[in-house]
Amino acid sequence: MERTMYDYYLGGTTNFPADREAAGRALAVFPYARTAARANRGFMRRSIRYLAESGIRQFIDIGTGIPTSPNLHEVAQQVNPEARVVYADNDPIVLIHAEALLQGSPKGVTAYVQGDVNQPETILQEARSTLDFSEPIALSLNAVLHFVPDGAHKITELLKAALPSGSALAVSHLTAEFAPEEASRVAQVYTAAGTPTRARSRTEFAAFFDGWELVDPGIVPTPRWRPDHDSADEPTTDPEASCYGAVAIRP
């Protein structure tokens, strides 16, 4: 359900009355939900563009969600038409719309894996048929790890260990440090709707990058990560975003 609620926040049409009802409950306690979702998408676009411009040509996106253009492969392949992208999500609704994720550059490759972030080995195994794990890979975990209340760091370390030197990790994650009451309440709403959710502190978020080198500006609220003032990104305060974002490189 979180994927279709996210689609609703972004102004999409791939959602249902139950999703809109749940999103309404979330908005009642966290009125920034739409702004936070757009800030997350902006972080994804900027971080992937940065990594593609840095020379990374392979990407894994876990927790893809409903296709909302520009998708990750569109951003990467705009920089490098030969970029290879593997999407992974466990939501069957995303699978139905996966065809939109596969319409990439003729020179590049896009693939979709029906996989759960809680089963990283399966995702990695499937990704090996598309990606070369001897070359750098960028792993995107955008707004997904807060839906893993337990074991998120262990899962991330397993994924990181499979990636070679020069690979990258891009993560955004809900935090309650900027709007404590609102963020805590929205986590409760999602949990009550059947999607356990956990906001994490800056210290907990930083642990996802242990052993890797953070890219400037380090750990910041998502709108503050290399903002592009020429883009359509709207001005967003830290409480409205209520998410940390960061990118790190494996030495």
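The analysis underlying the following values was restricted to heavy atoms, covering all of them including side chains, and did not include hydrogens, waters or symmetry mates.
- To the nearest 0.5 Å, atom CG of residue L72 and atom CZ of residue R41 are 8.5 Å apart.
- Remark: side-chain polar atoms of S167 are not paired, donor with acceptor, to backbone N or O of P136 under 3.5 angstrom.
- Looking at L174 and R200, their side chains never come closer than 4.5 Å, going by heavy atoms from C-beta outward.
- Side-chain contact between P70 and R45 is present, with at least one heavy-atom pair separated by less than 4.5 Å.
- In this structure, T110 contributes its side chain and V85 its backbone to no donor-acceptor pair below 3.5 Å.
- A donor-acceptor contact closer than 3.5 angstrom is absent between the side chains of T191 and Q188.
- Counting only distance, with no hydrogens or angles, the side chain of R198 and the backbone of F147 share no donor-acceptor pair below 3.5 Å.
- Between the side chains of S172 and N142, at least one donor N or O sits under 3.5 Å from an acceptor N or O.
- Here the side chains of D116 and I62 are not in contact, with every heavy-atom distance at 4.5 Å or above.
- A salt bridge links D238 and R224; the closest N-O separation between the charged side-chain nitrogens and carboxylate oxygens is under 4.0 Å.
- A donor-acceptor distance shorter than 3.5 angstrom exists from the side chain of Q77 to the backbone of A83, with no hydrogens or angles considered.
- The minimum heavy-atom distance linking A162 with R128 is given by the pair CB-NH2, 4.1 Å.
- Distance check, rounded to the nearest 0.5 Å: CD of E126 to CD of Q119 gives 11.5 Å.
- Taking H173 as the reference, H146, F208 meet the ring-ring contact (aromatic ring centres under 6.0 Å, His included) condition, with sequence neighbours excluded.
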Considering only distance and modelled atom types, tabulate donor-acceptor pairs under 3.5 Å from the side chains of residues 209-218, sequence neighbours left out.
none

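- Atom CG of L163 and atom CD1 of I137 lie 5.5 Å apart (nearest 0.5 Å).
- Remark: side-chain polar atoms of E53 are not paired, donor with acceptor, to backbone N or O of Y50 under 3.5 angstrom.
- Other residues, nucleotides and ligands place no more than 12 heavy atoms under 6.0 Å from the CD atom of Q125.
- Among all heavy-atom pairs drawn from A170 and V247, the shortest one is CB-CG2, 3.9 Å.
- Residues meeting the ring-ring contact (aromatic ring centres under 6.0 Å, His included) test with F59, sequence neighbours left out: none.
- The only member of L141, V144, L139 that meets side chain to side chain contact (heavy atoms under 4.5 Å, CB included) when paired with V171 is L141.
- Of the inter-residue distances, the one linking L51 atom CG with L169 atom CG reads 9.5 Å to the nearest 0.5 angstrom.
- No continuous path of ILVMFWY side-chain contacts below 4.5 Å connects V109 to V113, so the two sit in separate hydrophobic clusters.
- With hydrogens and angles ignored, the 3.5 Å screen pairs no side-chain donor or acceptor of T195 with any backbone N or O of A193.
- Sorted pairs that involve residues 133-143 and meet salt bridge (charged side-chain N to carboxylate O under 4.0 Å, His left out), not counting sequence neighbours, are lacking altogether.
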- request: Show the numbers, then the answer: is there a ring pair (Phe, Tyr, Trp, His ring centres under 6.0 Å) between Y244 and F43?
  value: CA-CA 10 Å; Y244 281 121; F43 169 76; over 10 Å; no
Side chain to side chain contact (heavy atoms under 4.5 Å, CB included) between Y87 and H73, intermediate numbers included: CA-CA 9 Å; Y87 290 107; H73 73 276; 2.7 Å; yes
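- Within the 4.5 Å cutoff, the side chain of V117 has heavy atoms near those of the V148 side chain.
- Between E74 and R49, no side-chain nitrogen of the basic residue sits less than 4.0 Å from a carboxylate oxygen of the acidic one, so the salt-bridge criterion is not met.
- Of the possible donor and acceptor atoms, one in the side chain of E177 sits under 3.5 Å from a partner among the backbone N and O of R202.
- No more than 12 heavy-atom neighbours from other residues, nucleotides or ligands sit within 6.0 angstrom of CZ on R57.
- In terms of heavy-atom proximity, T237 sits nearest to E240 at N-OE1, 2.9 Å.
- Side-chain contact between M44 and D61 is absent, with no heavy-atom pair separated by less than 4.5 Å.
- With sequence neighbours left out, the salt bridge (charged side-chain N to carboxylate O under 4.0 Å, His left out) criterion links E121 to no other residue.
- At a cut-off of 3.5 Å, with distance as the only test, no side-chain donor of D89 or T64 sits close to an acceptor on the other residue.
- V79 and I249 fall into different hydrophobic clusters, where Ile, Leu, Val, Met, Phe, Trp and Tyr are joined by side-chain heavy atoms under 4.5 Å apart, directly or via other members.
- Across all their heavy atoms, T175 and A183 have their closest contact at O-CB, 3.6 Å.
- Closest of all the heavy-atom pairs between I60 and A127 is CD1-CB, 4.1 Å.
- Nearest heavy-atom pair, P149 versus P196, reported as atom, atom and distance to 0.1 Å: CG-CB, 3.7 Å.
- Legend: residues meeting salt bridge (charged side-chain N to carboxylate O under 4.0 Å, His left out) with E157, ordered by chain and number and at least two apart, are K160.
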